[in-house]
Asks: 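Pasting in a structure now, in structure tokens, and then I'll have a few things to ask.
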Amino acid sequence: MSSLFIDLVLCGMAYVVLIYFVATMTKARKNKKDNDTDDGDGGVEDLTPPKIDLPPGVIWPKDAPKKAKPELLEF
């Protein structure tokens with residue numbers, strides 16, 4: 001047999017073994033994740049936005065004073 005044929009056979013066997021291990025590791029990770037409901041952060045979930053301390057004179061647009069509607073003048 002030529003060395004090229006032996007190299008191709010060995011590479012093919014290594015490829016099959018590699019694919020087998022990758023498939024089994026991926027399958028095990030999926031099953032573990034499906035059964036595990038813990039997200040791992042361990043804290044209490046707080047979805048309220050933080051209170052930001054703005055410098056003096058700066059206000060949020062929603063806190064801006066309401067503009068009074070100008071009165072219509074009749075002639």
Side-chain angles (χ1 to χ4, degrees):
M1 281 196 234
S2 70
S3 64
L4 177 64
F5 182 72
I6 294 172
D7 287 343
L8 288 175
V9 169
L10 290 176
C11 286
M13 289 174 36
Y15 179 77
V16 169
V17 170
L18 180 68
I19 294 299
Y20 171 75
F21 282 125
V22 168
T24 56
M25 287 180 179
T26 306
K27 185 177 178 184
R29 190 178 312 154
K30 266 188 185 176
N31 291 339
K32 182 179 179 185
K33 186 170 182 141
D34 289 340
N35 294 334
D36 190 15
T37 58
D38 183 23
D39 57 358
D41 61 358
V44 177
E45 194 168 327
D46 185 18
L47 299 177
T48 58
K51 176 83 170 127
I52 299 176
D53 187 27
L54 296 174
V58 178
I59 59 172
W60 291 104
K62 67 177 182 178
D63 297 334
K66 306 290 184 201
K67 292 184 180 178
K69 292 183 180 178
E71 295 181 21
L72 296 176
L73 297 176
E74 295 182 23
F75 293 103

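This one's a predicted model, so the numbers in the text were calculated from it and none came from an experiment.
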Asks: Do you know which two heavy atoms are closest between Ile59 and Ala64, and how far apart they sit?
Replies: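 Of all heavy-atom pairs spanning Ile59 and Ala64, the closest is CD1-CA, 3.7 Å.
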Asks: Find out if a path of hydrophobic residues (ILVMFWY) with successive side-chain heavy-atom gaps under 4.5 Å connects Val17 to Tyr20.
Replies: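 Yes, Val17 and Tyr20 fall within the same hydrophobic cluster.
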Asks: Nearest 0.5 angstrom please: Cys11 SG to Leu18 CG, how far?
Replies: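 Taking SG in Cys11 and CG in Leu18, the distance rounds to 11.5 Å.
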Asks: Distance from Thr26 atom OG1 to Phe21 atom CZ, nearest 0.5 Å?
Replies: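 Output value for this atom pair is 13.0 Å.
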